[in-house]
Number of protein chains: 2
Amino acid sequence: MAYDDKIYQLGINYTLAIIGGKWKSAIICQLGLQSQRPLELQRHLVGISPKVLTKQLRQLEADGIVSRTTCGTVPPKVVYGLTAAGRSLRETLVTLSIWGEQMATQSTTPITIIHDSSEIF
Amino acid sequence: MAYDDKIYQLGINYTLAIIGGKWKSAIICQLGLQSQRPLELQRHLVGISPKVLTKQLRQLEADGIVSRTTCGTVPPKVVYGLTAAGRSLRETLVTLSIWGEQMATQSTTPITIIHDSSEIF
DNA sequence: CAGGATCCTACCCGATACTG
DNA sequence: CAGTATCGGGTAGGATCCTG
């Protein structure tokens with residue numbers, strides 16, 4: 001009963017602690033598309049400030065979700081990407097996405113969305 | 001592509017907004033076991049205060065995850081349960097739980113693994 | 001017993017400016 | 001260009017008391 005449920009809860013809380021940040025899931029999604037440099041990320045995540053971006057990246061890095069690669073020193077060049085764990089985490093986000101899309105549209109069947117790119121970015 | 005990702009994000013954010021509260025997922029887990037009265041919930045969710053419990057329940061109710069049933073007026077009796085949407089949401093939490101359990105066990109801190117999930121659902 | 005009303009604290013995030 | 005420092009605000013959540 002409550003015993004098993006607590007174990008159950010541990011995994012959930014662990015996962016939520018990782019993706020809980022405001023931009024964490026968006027970062028994971030973006031880096032899932034392709035590895036990117038901070039400035040590229042910042043362009044995609046409209047509204048994020050450099051400070052917050054760095055902080056969330058650091059946390060994701062500490063959690064083993066994101067990898068950070070530095071190439072060069074004088075013109076700083078850094079590339080962020082997903083680790084294996086990050087890619088598997090991204091898979092689980094699909095579940096949340098699908099559920100959310102279905103609920104948001106008050107629909108019981110999977111939806112197909114056709115969008116203008118202008119509407120998106 | 002970027003715009004697939006954006007759509008993707010909407011569903012994720014929608015879902016995270018619902019389960020984002022500190023006790024939300026625990027409440028959903030508990031009510032998944034069986035419908036309960038507030039005081040029972042409070043006993044299971046060790047550390048939660050009545051105010052916060054009520055607040056999170058109200059939010060979950062507003063999101064269509066939790067149902068609230070009142071029987072009687074003078075000795076207040078209320079029972080909370082999961083709606084159909086709540087039960088389906090609980091299903092998706094399993095994904096998070098499994099991923100979290102796996103990741104947590106791969107790190108240095110040893111924790112007990114969930115034994116039999118059939119007992120929980 | 002359910003749950004509202006207050007007060008209070010901590011933390012997350014945003015804006016901005018700065019450094020190597 | 002990557003990342004840091006500083007300041008400030010909004011808010012979730014905790015503690016406590018109170019009521020129908």
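A quick note: this is a predicted structure, and the numbers were derived from the prediction, not measured.
Rounding to the nearest 0.5 Å places CG of A/L82 at 11.5 Å from CD of A/Q34. To the nearest 0.5 Å, atom CD1 of residue B/I27 and atom CD1 of residue B/I19 are 12.5 Å apart. The distance from the CD atom of B/E101 to the CD1 atom of A/I12 is 9.0 Å, given to the nearest 0.5 Å. Atom CD1 of A/I98 sits about 7.0 Å away from atom CD of A/Q102, to the nearest 0.5 Å.
Within the 4.0 angstrom heavy-atom criterion, no nucleotide atom of any strand lies near A/E40. Using a 4.0 Å heavy-atom cutoff across all strands shown, B/K77 reaches no nucleic acid atom at all. Residue-level contact check: A/Q59 touches neither bases nor backbone, having no heavy atom under 4.0 Å from any strand. Note on A/P38: only backbone sugar-phosphate atoms sit closer than 4.0 angstrom, heavy atoms only; bases stay farther off.
Looking only at side-chain heavy atoms (C-beta outward), B/S25 and A/L16 come within less than 4.5 Å of each other. Within the 4.5 Å cutoff, the side chain of A/L96 has no heavy atoms near those of the B/Y14 side chain.
Between the side chain of A/K51 and the base of D/dG3, no donor-acceptor pair under 3.5 Å is found.
Between the C1' atom of D/dA2 and the CD atom of A/Q36 lies a distance of 15 Å, rounded to the nearest Å. Taking atom CG on B/L41 and atom P on C/dA2, their separation rounds to 9 Å, with Å as the unit. Look at CG on A/L60: it is 14 Å from P on D/dG3, rounded to the nearest Å. Atom NZ in A/K22 sits roughly 9 Å away from atom P in C/dA15 (whole-Å rounding). The CD1-P distance, from B/I27 to D/dA12, rounds to 15 Å in whole Å. Separating the CG atom of B/L53 from the C1' atom of D/dG14 is a distance of 14 Å, rounded to the nearest angstrom. When the P atom of D/dA12 is taken as reference, atom CD1 of B/I48 falls 15 Å away, rounded to whole Å. Atom CG of B/N13 and atom P of C/dC13 are 12 Å apart (whole Å).
Nearest to the side-chain atoms of A/R68 among the listed nucleotides C/dA2, D/dG3, D/dG14 stands D/dG3. The side chain of A/T54 has D/dT4 as its nearest neighbour among C/dA15, D/dT4, D/dA2.
Within the 4.0 Å cut-off from OP1 or OP2 of C/dC1, not a single side-chain nitrogen or oxygen of B/R37 is found. At the phosphate of C/dG3, OP1 or OP2 sits under 4.0 Å from a side-chain N or O atom of B/Y80. Neither OP1 nor OP2 of C/dA2 sits under 4.0 Å from any side-chain N or O of B/R58. For A/Q56, no side-chain nitrogen or oxygen approaches OP1 or OP2 of C/dC12 to under 4.0 Å.
Of the N and O atoms on the side chains of A/K22 and A/Q56, not one donor lies less than 3.5 Å from an acceptor on the other residue.
Identified under the salt bridge (charged side-chain N to carboxylate O under 4.0 Å, His left out) test for residues 85-94 of chain A, with sequence neighbours left out: A/R90-B/D5.
Summary of the strand contacts: A/G47 and B/P50 both lie near DNA chain C, and taking for each the nucleotide with the nearest heavy atom, the more 5' one is attributed to B/P50. Nearest-nucleotide positions on DNA chain D place A/P76 closer to the 5' end than the other of A/K55 and A/P76.
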DNA chain C base-pair string [pairs: Watson-Crick or G-U under 3.5 Å; |: paired with another strand]: ||||||||||||||||||||
